[in-house]
2 protein chains.
Amino acid sequence: MSSARILVVDDDPQIRRVLRTTLIAQGYEVVDARNGEEALERMRGDRVDLLILDMNMPGMSGIETCRLIRSSSDVAIIMLTVRDTEADKVEALDAGADDYMTKPFGSPELLARIRAALRRLPQTTSGLQTVRVGDMEINFSTRRVIAGTRQVRLTPKEFDLLQYLVAHPNVPIPHTKLLQSVWGPDYGDEVEYLRVFINQLRKKLEKNPSDPKYLLTEPWVGYRFNLPQ
Amino acid sequence: MSSARILVVDDDPQIRRVLRTTLIAQGYEVVDARNGEEALERMRGDRVDLLILDMNMPGMSGIETCRLIRSSSDVAIIMLTVRDTEADKVEALDAGADDYMTKPFGSPELLARIRAALRRLPQTTSGLQTVRVGDMEINFSTRRVIAGTRQVRLTPKEFDLLQYLVAHPNVPIPHTKLLQSVWGPDYGDEVEYLRVFINQLRKKLEKNPSDPKYLLTEPWVGYRFNLPQ
DNA sequence: AGGAGTTGCTAAGAAGGCGTCAAGCTTGAA
DNA sequence: TTCAAGCTTGACGCCTTCTTAGCAACTCCT
């Protein structure tokens, strides 16, 4: 399960560096941009769950950037500024920002505001909920998978197994590891379970179950989820 | 579409009065409470879209109140305090508040933060008096439902359950979430309740209770309210 | 080539989720 | 105090899912 992606937008390289290390230490994925134009570009390319946006930047202002992004996205936005006037705050919030912080600020507060903002994200936009893999779309909240064009309903164990494999793509996972992760720490020898369930998953997910594209056998080791580049 | 309802919780009658007039002037509906206990009671009775919650109150603290309400509701919460320490802010935000303001504050900023918080609310809950779904008409203020041609009387729990499901249409709601939202934060394992009440709702609302159109089971997950189209 | 171990596949029995009903219990109004 | 409405609890049957067993196909080793 991947973590939230945060886009940091600030023209000051030192602030970008500090934020990056702070956020990565918390387990977030971090992308950054030096100005509004770069930010828009990043938004088009990558999935982004939250934006930390400096108000005062050369070129397109933070407010403009915010308004533009908000007009086409539900991403969470926290604005930063050195100025602490009420008019600024009102302007930022009305431009679509979810929150507003004045520099300097302590990282505990920033992190708390980030947690609060991410909590509010609609489930559909937050990248935590669905993952696209090849021609499959895996939805973690409904525990359903769209394989090719059709909806597939997986049983709890089937889904847990798939989820674990997808979380570690292109790496052979030993039988024991899979069993312990999906069935619990007391399991590890019951390789029969894996044979049955991998078989079911292939029948439900693979176009040609006898020549699997994703759920590959690693003989004498375990199974591997193949993520085509 | 009626306006948003805001619940103001503060022990200081003067602050309640000031907030009330400010908010009403903006076209919001205002309810108030003097302490955490009263707030919980109001939340049970009325629809509330946003909570303005003082941190420092006699009896149950603002933080406790916030945590309790958040555990069973998606309402927007803005916390107020006279203290401006970082620890306080972090505590408030992690207790489930969406935003935090230190007194004294100007009303433009408060209003901007209210607009920002309301913008984030799921559209369905904010302000709708009645919802028409297929051949059903659900009235949230009278707590009555018209299914087909006839008035249906729902019990309090039945209505609460329906209301929560309708407020999150087309999304599977886990058993635990439903139980905590309808029965309270101490519930979560009592899946039998759901079986019984969903069954009752289907008998009262669905044309063909054994082949439901609206109240669908999401096997191994929970239930989903199906809003056609 | 033959045996031992591994994997793919199928199907039957066991376990558990869900729908349904009805009887006890609680609570508040008369 | 009594009564009725509504909530809680238990029982039962149906159905899905998990576990288990069996066999064929295959690989590795001698």
Side-chain angles (χ1 to χ4, degrees), chain A residues 142-145 152-165 172-184 186-206 208-224, chain B residues 41 44-45 143-145 152-165 172-176 178-184 186-224:
Chain A
T142 61
R143 301 175 67 88
R144 290 234 191 109
V145 177
V152 176
R153 218 169 50 82
L154 301 183
T155 71
K157 283 281 188 304
E158 284 167 6
F159 190 87
D160 291 346
L161 180 57
L162 177 67
Q163 181 168 16
Y164 190 91
L165 287 165
I173 319 282
H175 300 125
T176 313
K177 184 81 189 156
L178 277 174
L179 285 162
Q180 287 177 351
S181 305
V182 175
W183 272 263
D186 296 341
Y187 295 74
D189 299 329
E190 292 79 352
V191 193
E192 327 80 71
Y193 295 9
L194 288 180
R195 294 213 304 271
V196 173
F197 277 83
I198 289 283
N199 184 261
Q200 285 165 188
L201 280 176
R202 282 175 179 157
K203 279 200 284 197
K204 288 186 179 179
L205 301 176
E206 299 275 4
N208 184 356
S210 53
D211 178 24
K213 232 172 86 188
Y214 300 112
L215 297 161
L216 305 187
T217 306
E218 289 285 331
W220 315 101
V221 181
Y223 294 89
R224 172 167 61 90
Chain B
E41 205 172 304
R44 263 192 292 277
R143 298 174 66 88
R144 290 269 170 76
V145 177
V152 176
R153 217 173 47 84
L154 299 184
T155 71
K157 281 279 189 303
E158 283 168 8
F159 191 88
D160 291 347
L161 180 56
L162 177 67
Q163 178 167 22
Y164 192 91
L165 287 165
I173 319 283
H175 299 126
T176 313
L178 277 175
L179 285 162
Q180 287 177 351
S181 304
V182 175
W183 272 263
D186 295 341
Y187 295 75
D189 298 328
E190 290 78 353
V191 192
E192 327 80 72
Y193 296 9
L194 287 180
R195 293 215 304 272
V196 174
F197 277 83
I198 288 283
N199 185 257
Q200 285 164 189
L201 281 176
R202 281 175 179 157
K203 279 198 284 196
K204 289 186 179 180
L205 300 176
E206 299 274 5
K207 267 210 188 77
N208 184 357
S210 55
D211 178 24
K213 238 171 83 187
Y214 303 113
L215 297 161
L216 304 187
T217 305
E218 288 286 331
W220 312 100
V221 179
Y223 294 89
R224 172 167 61 90

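First the proteins, then the strands, lettered A, B, ... as listed; each starts at 1.
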Checklist entry - Does B:Thr155 place a side-chain N or O at less than 4.0 Å from the phosphate oxygens OP1/OP2 of D:dC7? => result yes
Checklist entry - Between C:dG8, D:dG6, D:dA21, which nucleotide gets closest to the side-chain atoms of A:Val196? => result D:dA21
Item to check | Interatomic distance where CG belongs to A:Leu161 and C1' belongs to D:dT17 [whole Å] | outcome: 15 Å
Item to check | A:Leu201 CG to D:dC18 C1', straight-line distance once rounded to whole Å | outcome: 14 Å
Checklist entry - Between A:Leu154 (CG) and D:dC18 (C1'), how many Å, whole number? => result 15 Å
Next on the checklist: Quick check on DNA chain D: between B:Tyr187 and A:Pro156, whose nearest nucleotide comes earlier from the 5' end?
Outcome noted: B:Tyr187
Next on the checklist: Under a 3.5 Å threshold, yes or no: a donor from one side chain and an acceptor from the other, between B:Arg202 and B:Thr217?
Outcome noted: yes
Checklist entry - For B:Gln200 and C:dC21, what is the distance between atoms CD and C1' respectively, to the nearest whole Å? => result 11 Å
Checklist entry - Within less than 4.0 Å of OP1 or OP2 of D:dT17, is there a side-chain N or O belonging to B:Trp220? => result yes
Next on the checklist: Below the 4.0 Å mark, does D:dT8 have OP1 or OP2 next to a side-chain nitrogen or oxygen of B:Arg195?
Outcome noted: no
Checklist entry - Can you tell which of C:dT10, C:dC18, D:dG6 lies closest to the side chain of B:Val191? => result C:dC18
Checklist entry - Just how far, in rounded Å, is P of D:dC23 from CD of A:Glu192? => result 16 Å
Item to check | d(CD, B:Glu218; P, D:dT17) in whole Å | outcome: 13 Å
Checklist entry - Taking only side-chain nitrogens and oxygens of A:Tyr193, does any of them come within less than 4.0 Å of OP1 or OP2 of D:dT20? => result yes
Item to check | Nearest-nucleotide pick for B:Phe197, side chain only, options being D:dT17, D:dT8, D:dG6 | outcome: D:dT8
Item to check | Length of the NZ-P vector between A:Lys157 and D:dT16, whole Å | outcome: 19 Å
Checklist entry - What integer distance in Å separates A:Ile198:CD1 from C:dT10:P? => result 16 Å
